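Model, not experiment: these values are computed from the prediction. In what follows, chains are A, B, ... by sequence order, proteins preceding strands, each numbered from 1.
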Amino acid sequence: MTVKVQSESFDPGQLLAKLCEDNSSCGAVASFVGLVRRGSEDVLAMTLQHYPGMTERQLLAFEAEACRRWPVERLVILHRFGRLLPGEPIVFVGVTAAHRDVAFRACEFLVDRLKTRAPFWKQEETATGSHWVEALPDDDIRAERWD
Amino acid sequence: MRVLYFAWLQSKIQKDEEEVTPPAAVKSVGQLADWLQTLSPGHAAVFSERARLRAAVNQTFASWETPLSPTDEVAFFPPVTGG
């Protein structure tokens, strides 16, 4: 189990390979990688701010919640902060389990929790200036499915 | 009491944190917000938009009714956008 908040970039392939390594008990590995999107507004960069201390607490709580709900074998949550360029990875979530149902569901659950309950805020830079990204009501609705 | 601000609140208040001593009558997050609102035009601008704000007490999400004690760490911020 690994939960990490860092500014440095990461290699999603390496993280996924690690989850697959020496893992004959798991029939399923599900993962999610979030990337900075250039989007229709032509985003030049995105700066992620977070609440040090609370972020780590929340991520550990999500991990504990996922393990309580499903027979997860291995779990990785890695979330970046700082200034990121379009195409760069922001977040990696990986889950291994005996069967695919658990791996898919736990992975989706963790991504929904990150979207709505992890204290991160995104500021986008475009050619006309920078602005804070508003939370999407759809994300709340998606996250409520797990309550 | 330590108060932290995140995202657009920081530029309006021109601080990312401050140490405050609210009057004894301030006993909840909502009452703290009411009192902070009186400190400066920047504070007033932030705390007049209560519907756009969320709060945490001691690094746990809180509501406006959450009770406070003088040693608490309180944070105010817009709805989160992680992931």
**Student:** B:Thr81 side chain to A:Ala135 main-chain N or O, any donor-acceptor pair under 3.5 Å?
**Tutor:** no
**Student:** Determine whether A:Leu19 and A:Val111 fall in the same hydrophobic cluster, where Ile, Leu, Val, Met, Phe, Trp and Tyr are linked whenever their side-chain heavy atoms lie under 4.5 Å apart.
**Tutor:** no
**Student:** Transitively linked via ILVMFWY side-chain contacts under 4.5 Å: B:Val26 with B:Ile13?
**Tutor:** yes
**Student:** Is chain B contacted by the side chain of A:Arg117, its backbone, both, or neither, given a heavy-atom distance below 4.5 Å?
**Tutor:** both
**Student:** For the residue pair A:Trp121 and B:Phe77, categorise the inter-ring angle as parallel (less than 30°), tilted (30 to 60°) or perpendicular (more than 60°).
**Tutor:** tilted
**Student:** Partners of A:Ala143 by side chain to side chain contact (heavy atoms under 4.5 Å, CB included), sequence neighbours excluded?
**Tutor:** A:Asp112, A:Thr116
**Student:** Flag the one option from A:Lys115, A:Arg80, A:His131 with the top tally of heavy-atom pairs under 4.5 Å to chain B.
**Tutor:** A:Lys115
**Student:** Output the distance between atom OH (A:Tyr51) and atom OH (B:Tyr5), rounded to the nearest 0.5 Å.
**Tutor:** 12.0 Å
**Student:** To the nearest 0.5 Å, what is the distance between CD (A:Glu134) and CH2 (B:Trp8)?
**Tutor:** 8.5 Å
**Student:** Spell out, yes or no, whether A:Leu48 and A:Phe10 are grouped together once hydrophobic residues are joined by side-chain heavy atoms under 4.5 Å, including indirect joins.
**Tutor:** no
**Student:** Is the number of heavy atoms from other residues, nucleotides or ligands within 6.0 Å of CZ (B:Arg52) greater than 12?
**Tutor:** yes
**Student:** State yes or no: do A:Phe81 and B:Val80 share one hydrophobic cluster built from I, L, V, M, F, W and Y residues joined by side-chain heavy-atom distances below 4.5 Å, directly or via other members?
**Tutor:** no
**Student:** Listed by residue number, which members of residues 54-78 of chain A have a heavy atom under 4.5 Å from any heavy atom of chain B?
**Tutor:** A:Met54, A:Arg57, A:Gln58
**Student:** Report yes or no: does A:His79 contribute a side-chain atom to a donor-acceptor pair with the main-chain N or O of B:Gly82 at less than 3.5 Å?
**Tutor:** no
**Student:** With a strict 4.5 Å heavy-atom criterion, list every residue of residues 85-97 of chain A that contacts chain B, or say none.
**Tutor:** A:Ile90, A:Val91
**Student:** Would a hydrophobic clustering, with Ile, Leu, Val, Met, Phe, Trp and Tyr connected at side-chain separations under 4.5 Å, put B:Val57 with B:Met1?
**Tutor:** yes
**Student:** Please indicate whether B:Gln14 has more than 12 foreign heavy atoms, meaning atoms of other residues, nucleotides or ligands, lying under 6.0 Å from its CD.
**Tutor:** no
**Student:** Is it the backbone or the side chain of B:Ala56 that comes under 4.5 Å from a heavy atom of chain A, or both, or neither?
**Tutor:** side chain
**Student:** Can you give the donor-acceptor pairs under 3.5 Å from side chains of residues 31-41 of chain A to other protein atoms, not counting sequence neighbours?
**Tutor:**
none

**Student:** Which bit of A:Gln123 is near chain B, if near means a heavy-atom gap under 4.5 Å: side chain, backbone, both or neither?
**Tutor:** neither
**Student:** Quick check on B:Glu17 against chain A: is it the side chain, the backbone, both or neither that has a heavy atom closer than 4.5 Å?
**Tutor:** neither
